[in-house]
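Since the structure comes first, as structure tokens, the remarks are kept for the end.
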Amino acid sequence: MDVIDSIKDARIVEARTLATRSGRLAAGRCLVVGEGLIGQVVTAGARLEYVLSSAGSHTPGLTQKLQAAGVPVHAVREGLLRKVTGGAKPVDWLAVAVLPAEAPAGEAYGDFAVVCEQVADPGNLGTIVRTARALGVRDIVLTDEATDLTSRRVLDAARGAVLDCRVRRFADPARAVHALRGSGFHIVVTSPRGAHLQSMAPLRGRKVALVVGNETDGVSDAVRDAADLVVQIPMAGAVESLNVGVATGISIYELRMRMILTMLTDRIRDTLGRNLTAASHLVQQALDAHLRQIGDLDGAQVILLMVLACERSAPLRQLHRDIGVGAEDFQALLGPLRERGYLTDQDDRVMITRDGEQAVAALWAVQERVEEGLYAGFSAAERTQLTDLLHRVQRNAAQLATSVGQDAASPDVQSPS
Ligand SMILES: C[S@@+](CC[C@H](N)C(=O)[O-])C[C@H]1O[C@@H](n2cnc3c(N)ncnc32)[C@H](O)[C@@H]1O
């Protein structure tokens, strides 16, 4: 294999330009230094243009991996790569990697973004990107033109994760906040003096843009003022603040857990059973409120009287089922109706009396008024459809309730041996 031994070789010249930020920006490439890091980024699927390796450095595992990925490897005279990186330590492996393009404005975000406002230290930036990526977050937002995620120190601290994240850059923090809010994000600023405990942050199921600040100044007042929430991670002892990389890791982990819990709670709240129960209570309250204006019977007692007015008499067991209340509640309903002489008992049946019928006539108008109010805004077709749907749910529920006992008794169900 030919060995590159001139500093003027085109590949060495290109690699040297990538040691500067302007060179990286112009070429859309960066340097990945060291055998370990190159191995990691290849495994992670990063695009490498070519690799330069010091003649005499034997690392068959990496060479095979690069060959399998179709990455050309060129041997370089010993000592030459140090001239590319400019450091004091010898360098044996160096790769030229393609930087992912900054995400265009229109491209969709995930449900969590990390906004770095003037985070200055490359080690902290790399830690933030590495931690974000490891916790499943790809969107990194920068709020100025100067922050550089492509330097060797950032790449080292990020263990190459920079090559696998989606970076968006805004000219200033105000524009970043405006754009994120426009994309449906809840803006959550972190500060050691935040008003909310992060673990109790009321997220309400929205996407989260987590803003972390500069090592000395923190998040700017302008961004704090524009935030939906300013949260703190409580600290013990005489500690002024956490390192921004550490704080970001804790925040992503905790807020994402809260997002999942909020989502689960919303789902539970929205189950059919819960919606029907809630609707049933509200309907009952509405009817009771209107009935109280003309007497002291409640909604369930009125419905019971109405059922009896239609059927004249009914077995207690059937009435109980028609009204849909528990056994004890049912007896409590009957008591006052008997006392007023609206009902009489005959064996296991109850009958409506003449006084009962007169009471129903007065109550009927109230019932109809409430029914009309409940259907406000519904078309005739929607009313019929809703009634039909509710009957179907009731039938399915009745079937489900009885099928449990049947399944247990079914000979098809085999018990584990
Ligand atoms: C070193 S701190 C900045 C300290 C700065 N003097 C301040 O008061 O904000 C850097 C960043 O880490 C995050 N941070 C550090 N400690 C935090 C804490 N206890 N709660 C929430 N965020 C914290 C914030 O994003 C903060 O802007």
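Worth knowing before you read on, the calculation uses all heavy atoms, side chains too, and leaves out hydrogens, waters and symmetry mates. Counting starts at 1 for both ligands and their atoms, in listed order.
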Could you tell me whether the side chains of [X] and [Y] share a donor-acceptor contact shorter than 3.5 Å?
{"X": "Asp9", "Y": "Ser6", "value": "no"}
{"X": "Gln232", "Y": "Thr190", "value": "no"}
{"X": "Ser151", "Y": "Arg21", "value": "no"}

Closest approach of any protein heavy atom to [atom], naming residue and atom:
{"atom": "atom 26 (C) of ligand 1", "result": "Gly213 N, 4.0 Å"}
{"atom": "atom 9 (O) of ligand 1", "result": "Gly218 CA, 3.4 Å"}
{"atom": "atom 7 (C) of ligand 1", "result": "Arg193 NH2, 3.8 Å"}
{"atom": "atom 23 (C) of ligand 1", "result": "Ala247 CB, 3.8 Å"}
{"atom": "atom 5 (C) of ligand 1", "result": "Thr216 O, 3.4 Å"}
{"atom": "atom 15 (C) of ligand 1", "result": "Leu242 O, 3.2 Å"}
{"atom": "atom 25 (O) of ligand 1", "result": "Thr190 OG1, 2.7 Å"}
{"atom": "atom 19 (N) of ligand 1", "result": "Ile233 O, 2.9 Å"}

Mind running salt bridge (charged side-chain N to carboxylate O under 4.0 Å, His left out) on Arg153 and Asp156 for me, showing each step along the way?
-> CA-CA 5 Å; Arg153 284 190 58 203; Asp156 278 352; over 6 Å; no
Regarding Arg138 and the six-membered ring of Tyr109, is the cationic atom NZ or CZ under 6.0 Å from the ring centre and inside 45° of its axis?
-> no
Should you measure from each heavy atom of [X], which atoms of ligand 1 turn up under 4.0 Å away?
{"X": "Ser241", "answer": "1 (C), 2 (S), 4 (C), 16 (N)"}
{"X": "Gln232", "answer": "20 (N), 21 (C)"}
{"X": "Asn214", "answer": "3 (C), 10 (C)"}
{"X": "Met235", "answer": "19 (N)"}
{"X": "Val244", "answer": "10 (C), 11 (C), 12 (O)"}

Less than 4.0 Å is my threshold; does some heavy atom of [X] fall inside it relative to ligand 1?
{"X": "Ser191", "answer": "yes"}
{"X": "Glu240", "answer": "yes"}
{"X": "Thr248", "answer": "no"}

Which residue, Val141, Val189, Leu180, Val230, forms the side chain to side chain contact (heavy atoms under 4.5 Å, CB included) with Val211?
-> Val189
Exactly one of Leu37, Thr59, Leu81 clears side chain to side chain contact (heavy atoms under 4.5 Å, CB included) with Trp93, and that residue is Thr59
Without swapping roles, check the side chain of Arg206 against the backbone of Phe185 for a donor-acceptor pair under 3.5 Å.
-> yes
Counting only heavy atoms, which portion of Gln198 has something under 4.0 Å from ligand 1: side chain, backbone, both, or neither?
-> neither
Is any side-chain heavy atom of Val244 closer than 4.5 Å to a side-chain heavy atom of Thr127?
-> no
Using the salt bridge (charged side-chain N to carboxylate O under 4.0 Å, His left out) rule, take Arg383 and Glu372 through it: C-alpha gap first, then chi angles, then the decisive distance, then the call.
-> CA-CA 11 Å; Arg383 287 179 182 214; Glu372 276 309 304; 3.1 Å; yes
Do the charged groups of Lys65 and Glu35 touch, with an N to O distance under 4.0 Å?
-> no
